[in-house]
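Worksheet: one structure, shown below.
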Amino acid sequence: MNNQSLQQRRLAASPRGIGVMCPFYADRAQNAELWDIEGRRYIDFAAGIAVLNTGHRHPRVTQAIAAQLDRFTHTCYQVVPYESYVRLAERINAATPGTHAKKTAFFTTGAEAVENAIKIARAATGRPAVIAFGGAFHGRTLLTMAMTGKVAPYKIGFGPFPADVYHVPFPHALHGVTEQDSLRALDTLFKTDVDPARVAALIIEPVQGEGGFNAAPPSFLRALREYCDKYGILLIADEVQTGFARTGKLFAVEHSGVVPDLMTFAKSLAGGMPLSGVCGRAEIMDAPAPGGLGGTYAGNPLALAAAHAVLDVIEEEQLAARAQVLGERLTSRLQALRADVPQISEVRGLGAMVAVEFADAQGQPDAAQACAVQQRALERGLILLTCGVYGNVIRFLFPLTIEDAVFEEALDILQTCLRG
Ligand SMILES: Cc1ncc(COP(=O)(O)O)c(C=O)c1O
């Protein structure tokens, strides 16, 4: 078995709709390093798309999963409950912003968490409509696709989508959208498309992930909080990509001081095990009737065991502070390269959620450049992800537990690849 033969079998056995980035196949991985089935080593700056803030196979996480494996793997929480679920809900309720009474429900994927947040918001408000942002990514199910603000490749051929989902532009100075433009668009939406009294929820990623690592200005989040309070709309922070220390705080919304009514999270919560959740004000979370929420695998015991270990590691290894340090190191390297690489149009980030954007000589988004850097890096053993509505951004999602020497090695590769 080698990469080439597996590539042929993959193309014959699974659909092209599951787009696959790397032409090699994983054999094993440890912290920020991954080896393919031919023994080639890669530094993993994708981390399973923001899932491995605590790295591949953190010993604390694997031990916790192994210990749970020896007890039970599945009962379905709605049939026979277990303490680890209750304790993780308590931990999340205490760790999320706001001192009010909170409750948490667990699910399996990020999209499922977002879908359930909308179900809860509708049940609590008795209102149908949802507002999301251009460039947002909320998942691949039909409702979350409707909420996603990027057409290609997510929406093409999959409509019609659920109704009563509206978009307003996300502020992005580089692309000429100011905070005031976005707020004006919201006012216009309320005049031209939907009565605010019909809106259940407004959902925002505090830093857009797939959309290009665009951070919402804190003043913008505060303004949204005011709009929501004025019109009785619930504010949902989608922290699926930003959560669990990536931005230098446990949750990105903490940078603004804004307290959302509901928060969705997934990805790095459980170190590679599928686990997601919705946390929110207790009275809102209690709106759906018993049996209205849940799922056969929702709150899987192995994933919960991993999540407890992940939260311990984040605390003990001070990964939020580490995110800040690594983010600054990467940002200063990228900024220093701007003199040599004129295609870099912006270097931005919050904590370790750093990205570099490319434009051509005419100032137009340059997706080809982002792709070329990604390709060159892969050839040199560094796995990078692109993002952005125009596909012209490279984002960095290395494990926050990465060893200094491996991090520096990756930055050297990146520097070489950016220089061309
Ligand atoms: C902000 C955000 N929300 C939701 C999702 C969907 O998560 P999942 O792919 O686990 O369904 C993602 C995935 O990238 C995301 O980044």
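Just so it is clear, the model here is predicted, and its values are computed rather than measured. Both counts, for ligands and for their atoms, begin at 1 and track the order of listing.
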Side chain, backbone, both or neither: which part of A111 has a heavy atom under 4.0 Å from ligand 1?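 Both backbone and side chain.
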
May I ask you to identify, for E210, whether its side chain, its backbone, both or neither come under 4.0 Å of ligand 1 on a heavy-atom basis?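 The side chain, only.
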
What residue and heavy atom of the protein are closest to [atom], and at what distance?
atom: atom 5 (C) of ligand 1; value: V240 CG1, 3.7 Å
atom: atom 2 (C) of ligand 1; value: F137 O, 3.2 Å
atom: atom 16 (O) of ligand 1; value: Q241 NE2, 2.9 Å

Check ligand 1 against [X] and write out every atom of the ligand that is under 4.0 Å from a heavy-atom position of the residue.
X: K267; value: 12 (C), 13 (C), 14 (O), 16 (O)
X: T109; value: 10 (O), 11 (O)
X: G139; value: 6 (C)

For [X], is at least one N or O under 3.5 Å away from an N or O on ligand 1?
X: D238; answer: yes
X: E112; answer: no
X: I49; answer: no

Nearest candidate to atom 8 (P) of ligand 1, where distance is taken over non-hydrogen atoms, out of G209, C387, A266, G110: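 Looking at heavy atoms only, G110 sits closest to atom 8 (P) of ligand 1.
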
Determine, considering heavy atoms only, which of E239, E205, H138 sits nearest to atom 1 (C) of ligand 1.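 The option holding the nearest heavy atom is E205.
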
How about Q324 and R329: does a side-chain donor come under 3.5 Å of a side-chain acceptor?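 Result is no, nothing qualifies.
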
In terms of relative ring orientation, are [X] and [Y] parallel, tilted or perpendicular, with 30° and 60° separating the classes?
X: H175; Y: Y390; result: parallel
X: F24; Y: Y42; result: parallel
X: Y85; Y: Y77; result: parallel
X: Y82; Y: F72; result: tilted

Salt-bridged, D404 to R322, with N to O below 4.0 Å?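 Yes, D404 and R322 are salt-bridged.
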
Once ring-ring contact (aromatic ring centres under 6.0 Å, His included) is applied, do any residues pair with F396, and if so which ones, sequence neighbours excluded?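 F396 satisfies ring-ring contact (aromatic ring centres under 6.0 Å, His included) with no residue once adjacent residues are dropped.
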
For the NZ atom of K103 and the CD atom of E90, what is their distance to the nearest 0.5 Å?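 Spacing of NZ (K103) from CD (E90) equals 11.5 Å.
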
Tell me if the CZ atom of R71 is crowded by more than 12 foreign heavy atoms within 6.0 Å.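 Counting other residues, nucleotides and ligands, CZ of R71 stays at 12 neighbours or fewer.
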
